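These notes concern the structure reproduced below.
Just the heavy atoms: all of them, side chains too, but no hydrogens, waters or symmetry mates, feed the values below. Given the structure is predicted, the values throughout are model-derived calculations rather than measurements.
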Amino acid sequence: DMTGILAVVRQAQPLSSFGYAAIEKVKATMGGGFATGLEGLARNASANADDRARALYEMQRHGTPPSVALLTALLTDRAPAVRAAVMYIAGVQGDSAVKVAAAGLRDTDPVVKRRAAEALVRLGQSPDKPSLAPVADIYALLNDTDRFVRWAGRIAIEHTARADWKDRVLAETNPLGAIEGMFAWVRTAGTESLQPVLDKQFAMLKQTNLSAGDRLRLYRTFMYTTSEVKGGLSAAQREQLNAAIIGQFPAPPGPNSEALNRELALMLGYAGQPAAIAKILAAIPKTNTNQELQLHYLYALRMIKQGWTPADKAQLAEVLGRAAKWRGGAQFINFVGQFFDSVSDL
């Protein structure tokens, strides 16, 4: 029987105008029983967890916000959905709920941890104010195995005074936290030199024991870092980059090999060293297969301006000639032409 409190917590599309109005109608008919019924359901550990979470949301939305005492009591509830609802509500309640949000950073459930970090930012976590939660608890999210938790943790760290965490990043040995932390370091560096982070990234680029996922994240963070270096990497740093990664290209066959090779080729192209030319040319499929990857390799090669041998140029011309016959969108042949133009003066 969908009446009373169940009609509230199981109302379809509660954020829509008709759903909101339907709940308001039930509220009007229930009087004081509306708030007490929702709180009773939220506290009922044997009730459906989703119903209990919805009870908390509807209390907040319809004028009887859960008290800090209620939110605090539910911090240790066995249902993750209930604890996640507590975190969201803490984020919209303001200063009184800061301690509730901070406590959620130490939860075991990824959604609760992510919501806790988001709540802190919503509550005003700022680099020019004291942190609303222990910085160690925020920083710990950077090492979480859940990518969404790491993302939320990084955003929260970026809203935290750099002096409280930047040295942790440079000392970090866990690849997960190091990569997330370096990204945050660069995004908040302002006019500060990025050399400490570049040094750490060059050291990590040389590591051969990183997982494919960590390598991809490292490559993308490194590329972002170089884009923030005024004038780009120096000639010496480009040589350093080439030396660090050329032995890793092409990646061994595997489910992530193409993704790794795409990033490696771009970095080798950016490094611009002649030794990369033959390696990238050799990796290009010899037939019409995987045309997207072939174009990607051409895109990388166009950045290398020195060191082309006659044999390299002949092989490049063969690939370009093949690509010119492929079918694509309206501007496809123009893009192939631009590749040709960019390498025609080699």
What residues, two or more places apart in sequence or in another chain, satisfy side-chain contact (heavy atoms from CB on, under 4.5 Å) together with E192? R162, K166, W185, A189
To check you understand the geometry: which heavy-atom pair defines the closest contact between [X] and [Y], and what is its length?
X	Y	result
G104	A116	C-CB, 3.5 Å
N256	A212	ND2-CB, 3.6 Å
P175	L210	CG-CD2, 3.7 Å
N174	L176	OD1-N, 2.9 Å
A133	L105	CB-CD1, 3.6 Å

Distance-only donor-acceptor hits, side chain of residues 95-103, under 3.5 Å, sequence neighbours excluded:
none

Apply the test salt bridge (Lys or Arg N to Asp or Glu O under 4.0 Å) to residues R150 and D144: give CA-CA distance (whole Å), side-chain angles for both, the deciding distance (0.1 Å), then the verdict. CA-CA 6 Å; R150 293 197 303 273; D144 201 274; over 6 Å; no
If hydrophobic clusters are built from ILVMFWY residues whose side chains come within less than 4.5 Å, do [X] and [Y] share one?
X	Y	value
L142	I155	no
W151	Y219	no
M267	L194	yes
I280	W308	yes
L298	F332	yes

Begin with the C-alpha distance, continue with both residues' side-chain angles, and end with the deciding distance and a verdict on side-chain hydrogen bond (donor to acceptor under 3.5 Å, both in side chains) for R215 and Q207. CA-CA 9 Å; R215 287 175 67 187; Q207 292 181 335; over 6 Å; no
Under the 4.5 Å side-chain heavy-atom rule for ILVMFWY, direct or indirect, which residues accompany L15? none
For a quick check under 3.5 Å, do D312 and Q315 share a side-chain donor-acceptor pair by atom type? no
Parallel, tilted or perpendicular, as decided by the 30° and 60° cut-offs, for the rings of Y57 and Y88: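 Ring orientation, 0 to 90° scale: perpendicular.
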Aromatic ring pairing F249/Y297, orientation class (parallel under 30°, perpendicular over 60°, tilted between):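 Aromatic pair F249/Y297 classed perpendicular.
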Can you measure from OG1 (T36) to CE (M30) and round to the nearest 0.5 angstrom? 6.5 Å
Once rounded to the nearest 0.5 Å, what's the spacing between atom NE2 of H159 and atom CD1 of I138?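 H159 atom NE2 to I138 atom CD1 measures 11.0 Å (nearest 0.5 Å).
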[X] [atom1]: over 12 foreign heavy atoms closer than 6.0 Å:
X	atom1	value
F202	CZ	yes
F148	CZ	no
K286	NZ	yes

Charged N to carboxylate O below 4.0 Å: is that the case for R217 and D214? yes
Lys/Arg N to Asp/Glu carboxylate O, E118 vs R122, below 4.0 Å: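 The answer is no: the pair does not qualify as a salt bridge.
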Which of these, T76, D77, D107, sits in a side-chain hydrogen bond (donor to acceptor under 3.5 Å, both in side chains) with R83? D107
Applying the side-chain hydrogen bond (donor to acceptor under 3.5 Å, both in side chains) test to Y139, which of E180, R154, E172, R168 qualifies? E172
Side chain to side chain contact (heavy atoms under 4.5 Å, CB included) for F222 and M182? Distances and angles first, verdict last. CA-CA 9 Å; F222 177 80; M182 288 188 296; over 6 Å; no
